[in-house]
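Residues: numbered from 1 along the sequence shown. No experiment lies behind these values; they were computed from the predicted model shown.
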Amino acid sequence: MAKISFFPLAAAPTLGEIAQWTGAKLGDGADPDRIVRDVAPLDEAGVDDLTFLDNPRYLDAFRSTRAGAAIVAPHYAAKAPKDCALLVTPQPYRAMAETMARLYPQAARPRSAFGETGVSPAAFVHSAARLEPGVVVDPGAVIGPGAEIGAGALIGPNAVVGPGVRIGRDSVVGAQATVACALVGDRVVIHPGVHIGQDGFGFALGPHGHLKVPQVGRVIIQDDVEIGAGTTIDRGANRDTIIGEGTKIDNLVQIAHNVVIGRHCVLVAQCGVSGSTVVGDFAALGGQAGLTGHLTIGPGAQIAAQSGVMKDVPAGTKWGGSPAVPQREFLRQGAILRRLTTGGREPSAE
C-alpha cells in the first residue's frame with residue numbers, strides 16, 4: 001500500500017544545497033551532487049533518504065541505517081555506515097529542522113483547511129471589524145466588532161476572535177480556538193482548541209460563599225510565540241497576563257491570570273502556572289510541572305517534569321521534585337530513599 005502523506009514534497013535537493021542551507025560540512029567522500037528525495041527516521045530510511053542522529057540512545061540504529069545520507073555531530077561521524085554520506089554539524093537537530101522546512105513548507109505553518117484564499121462566505125465577519133489584505137478566514141469562523149486582523153493572518157474553522165481583539169500579521173488562530181480580551185503579535189501560531197482571554201480564577205473566599213472578582217485585565221502575546229492545542233491562558237485580574245517574544249508552549253498548558261512569561265521560554269505539556277507568577281527569559285518547565293502563585297522563576301532556570309514548585313527559583317538553576325528543591329538535593333533525596341527502601345540492594349525489576 002502506498003504511503004499516504006498529508007504534506008507535498010516541495011524539493012529534491014542535493015547534498016551540496018542542504019550543506020548551504022544548514023552550514024553543515026560534507027563528510028569525506030560525500031558527493032555534493034547526490035540528490036535527496038525525502039527524509040526518514042534512522043530505522044526506516046532508504047538509499048534516497050536523509051536522516052539524522054542527535055541522541056546517543058539511537059547510536060545502534062545509526063550504525064545499521066540504510067539511509068543514503070545523514071546529518072550528524074562531529075563526535076558521532078565515525079559511527080556511520082560506510083555507504084552513508086554525512087553532513088557534519090554541531091547542531092544536527094536544528095539542521096534537520098531547517099532542511100525539513102525547505103522540503104515541506106506547508107508543514108511549517110498551518111494553512112487553510114479548506115483551501116480558502118480570502119474570507120469564506122460561510123464565515124461571519126462583523127461589519128465593524130477590520131481585516132488587512134491577504135487575511136484568510138475559514139468556514140464557521142466568527143470575527144467580532146472592532147477586531148483587527150493583520151495581513152497574511154489565518155483564522156481557522158469555527159475559531160472565534162472576540163470584540164476589539166488584535167491579531168498580528170502572519171499569525172494563525174487554529175480551528176475552534178477562542179481569543180478574547182487579547183493583543184496578539186506577529187507570526188504567532190495558536191493551535192486548535194486554545195482558549196485565550198477568558199476569566200481568571202479569582203474569588204474572594206468566605207465562610208458564607210465565594211465572591212467572584214471581576215477580571216478586567218488583558219492577555220498580551222508578543223511576536224513569534226507558539227501555543228499548543230488545548231492550552232488556556234486567562235486574562236489578568238487587574239493587570240495583564242503576558243507571554244514574551246519567542247516563547248513556545250506545548251499542548252494542554254494552563255496559564256493563570258496576571259502571569260508573566262518571559263522571552264523564549266519553553267513550557268512542556270500539562271504545566272500549570274498559578275496566578276501572578278513571573279517566569280524569566282529562557283526558563284524551561286518540564287511536563288506536568290506545577291508552579292504556585294506569586295513566585296519568581298529566574299531567567300534560564302529549569303524545572304524538571306512533575307515538579308511542584310512552591311518557592312522562588314534563582315536564575316540559571318535546576319530544580320526538581322515535589323516540593324521542588326535544587327537538583328543536587330533532589331538527587332540526594334532519591335538516593336537516600338532508595339537506600340532506605342532496598343537496604344542498599346539494587347531494586348528488583350518485578
Side-chain angles (χ1 to χ4, degrees), residues 54-57 93 194-196 198 200-203 205 217 219-222 225-237 239-344 346-347:
D54 191 53
N55 188 326
R57 284 178 177 266
Y93 189 39
V194 169
H195 299 296
I196 295 171
Q198 59 281 339
F201 189 68
F203 296 89
L205 306 183
V219 176
I220 309 296
I221 298 176
Q222 296 178 358
V225 169
E226 185 154 348
I227 303 170
T231 285
T232 54
I233 304 176
D234 297 340
R235 69 176 181 264
R239 63 178 70 225
D240 294 332
T241 301
I242 300 173
I243 311 297
E245 173 188 1
T247 282
K248 311 303 180 187
I249 301 173
D250 200 355
N251 301 335
L252 299 173
V253 170
Q254 156 65 8
I255 297 175
H257 60 195
N258 300 351
V259 165
V260 176
I261 305 292
R263 298 176 305 116
H264 302 289
C265 295
V266 175
L267 283 71
V268 183
Q270 298 184 349
C271 286
V273 184
S274 298
S276 300
T277 284
V278 176
V279 179
D281 297 347
F282 289 93
L285 309 183
Q288 296 187 331
L291 280 57
T292 59
H294 307 277
L295 298 181
T296 298
I297 309 300
Q302 298 180 25
I303 308 300
Q306 295 191 327
S307 295
V309 183
M310 302 178 187
K311 297 179 179 179
D312 291 348
V313 175
T317 58
K318 297 179 180 181
W319 284 45
S322 187
V325 294
Q327 183 184 50
R328 181 172 294 181
E329 183 178 345
F330 171 58
L331 296 174
R332 185 166 59 246
Q333 289 175 353
I336 292 170
L337 184 60
R338 280 193 299 274
R339 286 198 297 270
L340 289 172
T341 57
T342 65
E346 286 295 319

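Put simply, the side chain of V325 does not reach to within 4.5 Å of the side chain of K311, judged on heavy atoms. Using a 4.5 Å cut-off on side-chain heavy atoms (C-beta onward), I227 and I221 make contact. Between V279 and L267, every side-chain heavy-atom pair lies at or beyond the 4.5 Å cut-off.
Just one residue in the list L291, V309, V268, D250 forms a side-chain contact (heavy atoms from CB on, under 4.5 Å) with L285, and that residue is L291.
The shortest non-hydrogen separation linking G217 to D240 is C-OD1, 4.1 Å. Pairing each heavy atom of N251 with each of T231, the nearest pair is C-OG1, 3.7 Å. T232 approaches Q198 most closely through the heavy-atom pair CB-NE2, 3.8 Å. In this structure, P323 and M310 approach most closely via the heavy-atom pair CB-SD, 4.1 Å. Looking at every heavy atom in both residues, C265 comes nearest to F282 through SG-N, 3.7 Å. Shown here for Y93 and D54, the closest heavy-atom pair between the two residues is CB-OD2, 3.5 Å.
Atom CG of residue D281 and atom CZ of residue R263 lie 4.0 Å apart, to the nearest 0.5 angstrom. H257 NE2 to T241 OG1: the interatomic distance, rounded to the nearest 0.5 Å, is 8.0 Å. Summarising the geometry, atom CD1 belonging to I242 is positioned 7.0 Å from atom CD belonging to Q222; distances are rounded to the nearest 0.5 Å. Atom CD of Q288 and atom OG of S307 lie 11.0 Å apart (nearest 0.5 Å). The CD1 atom of I297 sits 6.5 Å away from atom CG of D312, with the distance rounded to the nearest 0.5 Å. Here Q327 contributes atom CD and T317 contributes atom OG1; the two are 9.5 Å apart, rounded to the nearest 0.5 Å.
Although no hydrogens or angles enter the test, the distance criterion places no donor-acceptor pair under 3.5 Å between the side chain of S274 and the main chain of H294.
Heavy atoms of other residues, nucleotides or ligands lying less than 6.0 angstrom from NZ of K318 number 12 at most.
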